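Structure record follows, encoded as structure tokens.
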Amino acid sequence: MFRLLKAHYHKPLLVFALLALWQLGVMLFQVKEYIIPSPLSVLARIFVPEMAAKYHWLKHIYATFVEIFFGFAITAFLGVFLAILISWSRFLRGIITPLLTFFNSIPKIAMAPLFILWFGYGIIPNILIAFLIAFFPVVINTVTGLNAVEEELLELVRYMNARKWQVFLKIRLPNSLPYIFSGLKISTTLCVVGAIVGEFIASTKGLGFLLKDSQAAIDTPPMFAGLLLISVLGLGLFGIISLCSRALMPWQKAE
């Protein structure tokens, strides 16, 4: 029982201890707020209504959430779909793989001016940047999982006259689930990075835009608050993917 309680509560206690040390260090060394603000000052910018009203948090959080969500949704769908095409046909693999390698070698930030030219400032360029940054690990991991099937098992089902689509749906796809979810977990972080990078370059709202705007005003507390909220969005998406992986793969023990 003690071990169970310890497993559930040691992480929040650790976070609280780190925040307390941070607050104490800022007070003892009298660090100026524009260099490192105290945790209380950062949290006040979010939760004290008089201070929070200045930053319009809900508007910026919503914009960033939409960019991350749709960037990830497109990444997951197209990443898995392209991986299936690559694994299904040698002909398609010969066409798609060089194109993927070419697009992955292009610096994603270099695409931002084109997206601004084509779509203007707003959410769509940021979604596209998030997608371009995040989709490659999903494709690679899924292809690896679809091909990581024991040859003896494939020979057995071929001997039983199983059709190609049956082998794919009943053997290759279930076998690839751990690889798919590994790629999706990586892409959650990359989607957050892509959305924030896009907001730095081509946006008038979002947490990334607020960070840039606060930096120009040398207003450090909302910058830390923005970083905190970005981390919460990323951790929330990662947690959802982890729950989905446990639901779809109950045979695997949680790490």
Side-chain angles (χ1 to χ4, degrees), residues 56-87 92-93 95-145 179-216 223 226-227 229-241 244:
H56 307 287
W57 288 113
L58 290 180
K59 179 184 75 171
H60 295 298
I61 291 171
Y62 177 76
T64 301
F65 171 78
V66 169
E67 292 161 3
I68 293 172
F69 175 80
F70 282 101
F72 178 78
I74 297 171
T75 295
F77 176 77
L78 285 183
V80 174
F81 179 71
L82 290 174
I84 290 173
L85 293 181
I86 291 171
S87 299
L92 293 176
R93 180 164 61 248
I95 296 174
I96 296 173
T97 302
L99 292 175
L100 289 178
T101 305
F102 171 75
F103 278 109
N104 190 58
S105 65
I106 298 175
K108 310 307 181 292
I109 297 178
M111 298 291 293
L114 285 175
F115 292 154
I116 296 173
L117 180 64
W118 293 337
F119 304 106
Y121 278 69
I123 288 178
I124 293 179
N126 302 336
I127 292 174
L128 292 175
I129 293 173
F131 162 71
L132 287 177
I133 290 177
F135 88 103
F136 198 71
V138 177
V139 177
I140 295 300
N141 278 39
T142 305
V143 170
T144 302
Y179 297 86
I180 292 175
F181 279 106
S182 295
L184 292 177
K185 288 177 181 178
I186 295 171
S187 72
T188 57
T189 303
L190 296 177
C191 278
V192 174
V193 172
I196 299 304
V197 168
E199 289 175 353
F200 281 159
I201 300 171
S203 184
T204 57
K205 56 185 176 180
L207 294 173
F209 169 79
L210 184 63
L211 286 174
K212 184 178 67 173
D213 194 52
S214 299
Q215 182 268 338
M223 295 177 67
L227 291 173
L229 293 172
I230 291 168
S231 298
V232 169
L233 289 177
L235 288 172
L237 183 57
F238 186 91
I240 292 172
I241 299 303
C244 291

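Not measured: the values here are computed from a predicted model.
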Which heavy atom of [X] sits nearest to which heavy atom of [Y], and what is that distance?
X: P125; Y: G122; value: CD-O, 3.4 Å
X: V138; Y: G183; value: CG2-O, 3.7 Å
X: T75; Y: A130; value: OG1-O, 4.4 Å
X: G194; Y: I129; value: O-CG2, 3.6 Å
X: I127; Y: E67; value: CG1-CA, 3.7 Å

Quick one: side chain to side chain donor-acceptor pair (under 3.5 Å) partners of T64, sequence neighbours excluded?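 Listed in chain order: E199.
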Starting at [atom1] of [X], measure out to [atom2] of [Y] and round the result to the nearest 0.5 Å.
X: L82; Y: L92; atom1: CG; atom2: CG; value: 10.0 Å
X: C244; Y: I180; atom1: SG; atom2: CD1; value: 12.5 Å
X: L128; Y: F70; atom1: CG; atom2: CZ; value: 12.5 Å
X: L235; Y: I230; atom1: CG; atom2: CD1; value: 12.0 Å
X: I196; Y: L227; atom1: CD1; atom2: CG; value: 8.5 Å
X: T204; Y: I123; atom1: OG1; atom2: CD1; value: 9.0 Å

For [X], which residues count as a side-chain contact (heavy atoms from CB on, under 4.5 Å) partner, sequence neighbours excluded?
X: S182; value: N141
X: L237; value: I68, F72, T188
X: T97; value: I86, R93, T101
X: I84; value: V80, L146, F168

Does the H60 side chain pair with the main chain of L207, one donor and one acceptor, at a distance under 3.5 Å?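 A pair under 3.5 Å: no.
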Do [X] and [Y] come within less than 4.5 Å of each other through their side chains, counting heavy atoms only?
X: L184; Y: F181; answer: yes
X: F200; Y: L211; answer: yes
X: I201; Y: I116; answer: yes
X: C191; Y: I133; answer: no
X: I106; Y: F103; answer: yes

Please check if the number of heavy atoms outside L99 that lie under 6.0 Å from its CG is greater than 12.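 Result for CG/L99: enclosed.
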Residue pairs fulfilling ring pair (Phe, Tyr, Trp, His ring centres under 6.0 Å) with at least one residue in residues 118-144, sequence neighbours excluded: F131-F135
